[in-house]
Amino acid sequence: MAERLLEIRDLHVAVGETEIIRGIDLTVDRGTVHALMGPNGSGKSTLSLALMGHPKYTVTQGDILYKGRSIKDLGPDERSLLGMFLGFQYPSAIPGVSVANFLRNALMARHKGGPPLTPAAFKKLLDDAIRRLKMDPAVLGRYVNDGFSGGEKKRLEILQALVLQPELEILDETDSGLDIDALRIIAEGINAQRGPERAIVLITHYQRILNYLRPDVVHVMVRGKIVKQGGPELAQELEAKGYDPLIKELVEA
Ligand SMILES: Nc1ncnc2c1ncn2[C@@H]1O[C@H](COP(=O)(O)OP(=O)(O)OP(=O)(O)O)[C@@H](O)[C@H]1O
Ligand SMILES: [Mg+2]
């Protein structure tokens, strides 16, 4: 049987006094790819940030189990060291820290206590990822996301994932704002990471990237809850009809 990597149980998340995630159950097994869709403001990014332990988002009820253990009380760094990764919808700039240094530090933290990462091995990892994503190697010397275009920021999120090799990879709208070639390159980059050890959760508004990725499960979130689940055909249905029929169904139920 596939190993359960993530199990979200009756999760409620608030920002200040406002409850945004209102009871979510979701399980993600190793080796699977999930798409999370839903109208603007339905809580997709909030869920992803809460999963990573962003301090602004308070879990008010329920639990998050990762590899069978509750991570609700762990900070973002600890979750990251356990193998969780979030590609942000709005990646932040880190002026003063070069991409190469940022990645080296993140990778060294992961290797702590294990075999040391040689400079040659690090360089090869970076070079391979840069080549795969058809990025300009000059990006490694630039400050993280500083002055990057929208599409360049998204590419850098995937570069981080390729280098860090997380076990649970959550990607928040990594396909938005990409040109047609970049979309294909990014999709190929994500596909290259598929494997029996890893799970990928892609938050997206568009069917297009799903044509490349073929998710195992599509979840639809509306107003802080997952209201529908299905296969890739569900994304096609939404693309064709929009969210209105689904929302109408919910109101009438
Ligand atoms: N820090 C915050 N302070 C106040 N409200 C917030 C905060 N974070 C999220 N919200 C609110 O929670 C709701 C869900 O936001 P979220 O960003 O999770 O939506 P989303 O599904 O990712 O939308 P989109 O598709 O537009 O990215 C929105 O109404 C948003 O304004
Ligand atoms: Mg969002």
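Whatever order the structure lists them in is the order used to number ligands and atoms, beginning at 1.
A donor-acceptor contact closer than 3.5 angstrom links the side chains of Asp63 and Ser70. In this structure, a donor-acceptor pair under 3.5 Å is absent between the side chains of Asn211 and Arg208. Checked by atom type, the side-chain pair Gln165/Arg198 shows a donor-acceptor distance below 3.5 Å. Checked by atom type, the side-chain pair Thr174/Arg155 shows no donor-acceptor distance below 3.5 Å.
The pair Lys153-Glu157 does not meet the salt-bridge criterion, since no charged nitrogen lies less than 4.0 angstrom from a carboxylate oxygen. Salt bridge present: Asp128 and Arg131 bring a charged side-chain N and a carboxylate O closer than 4.0 Å.
The protein residues lying under 4.0 angstrom from ligand 1, judged by non-hydrogen atoms, are Val15, Ile20, Pro39, Asn40, Gly41, Ser42, Gly43, Lys44, Ser45, Thr46, Lys56, Tyr57, Gln89, Glu173, His205.
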Taking distance alone, no hydrogens or angles, what donor-acceptor pairs closer than 3.5 Å link side-chain atoms of residues 239-253 to residues at least two apart or in another chain?
unit_1, atom_1, unit_2, atom_2, d
Glu239, OE1, Gln207, N, 3.3
Tyr243, OH, Gly38, N, 2.9

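The side-chain hydrogen bond (donor to acceptor under 3.5 Å, both in side chains) contacts involving residues 17-31 comprise Glu3-Arg30, Arg4-Asp29, His12-Glu19, Arg30-Glu167, where partners must be two or more places apart or lie in separate chains.
The main-chain N or O of Leu65 is never found under 3.5 Å from a side-chain atom of Arg9 such that the two would form a donor-acceptor pair.
Within the sub-2.8 Å shell of the Mg ion (ligand 2), the protein contributes these N/O/S atoms: Ser45 OG, Gln89 OE1.
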